[in-house]
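Below: the structure, in structure tokens.
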Amino acid sequence: MKAARVISELFYPSGIKCIICGDDLPEKTRYCVCSRCNLSFNTKFCLKCGRAMKNMADYCDFCQNEGFTFDMARAPFVYENEIVGLVRKLKFGAGKYLGEIMAQFMADVFYENNMSADVITFVPLMKSRERKRGYNQSEVIASALSAILDIPEASLLKRVKNTSTFARMGRRERAEAVKGAFALSDEKLIKGSRVLLIDDVFTTGATAEECSRVLKEGGCGKIFVLTFATSRIRIELY
Ligand SMILES: [Zn+2]
Ligand SMILES: [Zn+2]
């Protein structure tokens, strides 16, 4: 390895390689993605929950009927293909540096959707999991977003109940599993303040919903949910 590369690696360990394929980038780009790699951008989505849809309806079936407590959820990407790998890397592959790049994509979505917030918070992780991982990936993204958007960050929520892993659970099962899992932390939630809630992935929305419910009960105003990726609605009724 050349000396210049060694120095560059020291100071920009994430900035000079494509975050998807790992190829060298000719220069540091905004998103650190090379021209050959495609990302699954979320372009057609439910106007409320932000989940990807294929049909022409404005709202998904769930939002047309029951609906969520939060005001709006958005994500730059659909949780499929290379995006799955990126999220796994952030969580399990010592890819903490990816949080900053993810935050950049999410900041753009924040502006594009005219979101606004007085405070940024994040979905708390189970303590045992956070200890094992060494960090909470959602907090990492929230901190980076706080710096980009210049909005203060506060850990408004705490986890008061451990939940089993969600894989393969449907929306109702997840909603049941996550019920009572969160409570307001000791950090003061200013009444009426607009909250930007950060998580890595929006799947059925059960976690975002439960967090939103607690925040609303705590007296917050509007709640915007921003995740790096969101799910694709598979069964569309409209
Ligand atoms: Zn690439
Ligand atoms: Zn929806």
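Computed over heavy atoms, backbone and side chain alike; hydrogens, waters and symmetry mates excluded. These numbers come from a predicted model, not from an experiment. Indexing begins at 1, ligand by ligand and atom by atom, following the structure's order.
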To 10°, measure the SG(Cys60)-the Zn ion (ligand 2)-SG(Cys49) angle for me.
110°

Evaluate Lys216 against Asp71 for salt bridge (charged side-chain N to carboxylate O under 4.0 Å, His left out), listing each step before the verdict.
CA-CA 11 Å; Lys216 278 266 154 102; Asp71 293 88; 3.4 Å; yes

Examine Phe62 together with Phe68 and report whether their ring centres are nearer than 6.0 Å.
yes

Among Arg133, Lys127, Arg129, find the residue that satisfies the side-chain contact (heavy atoms from CB on, under 4.5 Å) test when tested with Arg131.
Lys127

Tell me the angle that SG of Cys63 and SG of Cys46 form around the Zn ion (ligand 2), rounded to 10°.
110°

Quick check: Phe70 with Phe224 (ring centres under 6.0 Å apart)?
no

Do Met115 and Phe105 sit in one hydrophobic cluster, given that two such residues count as connected whenever their side-chain heavy atoms are within less than 4.5 Å of each other, even indirectly?
yes

Minimum heavy-atom distance between Asp200 and Thr227, given as atom pair plus value:
O-CB, 3.7 Å

Return the set of residues passing side-chain contact (heavy atoms from CB on, under 4.5 Å) with Val109 (not counting sequence neighbours), or none when no residue passes.
Arg74, Pro76, Glu112, Asn113, Leu226

Under 2.8 Å from the Zn ion (ligand 1), which protein N/O/S atoms are there?
Cys18 SG, Cys21 SG, Cys34 SG, Cys37 SG

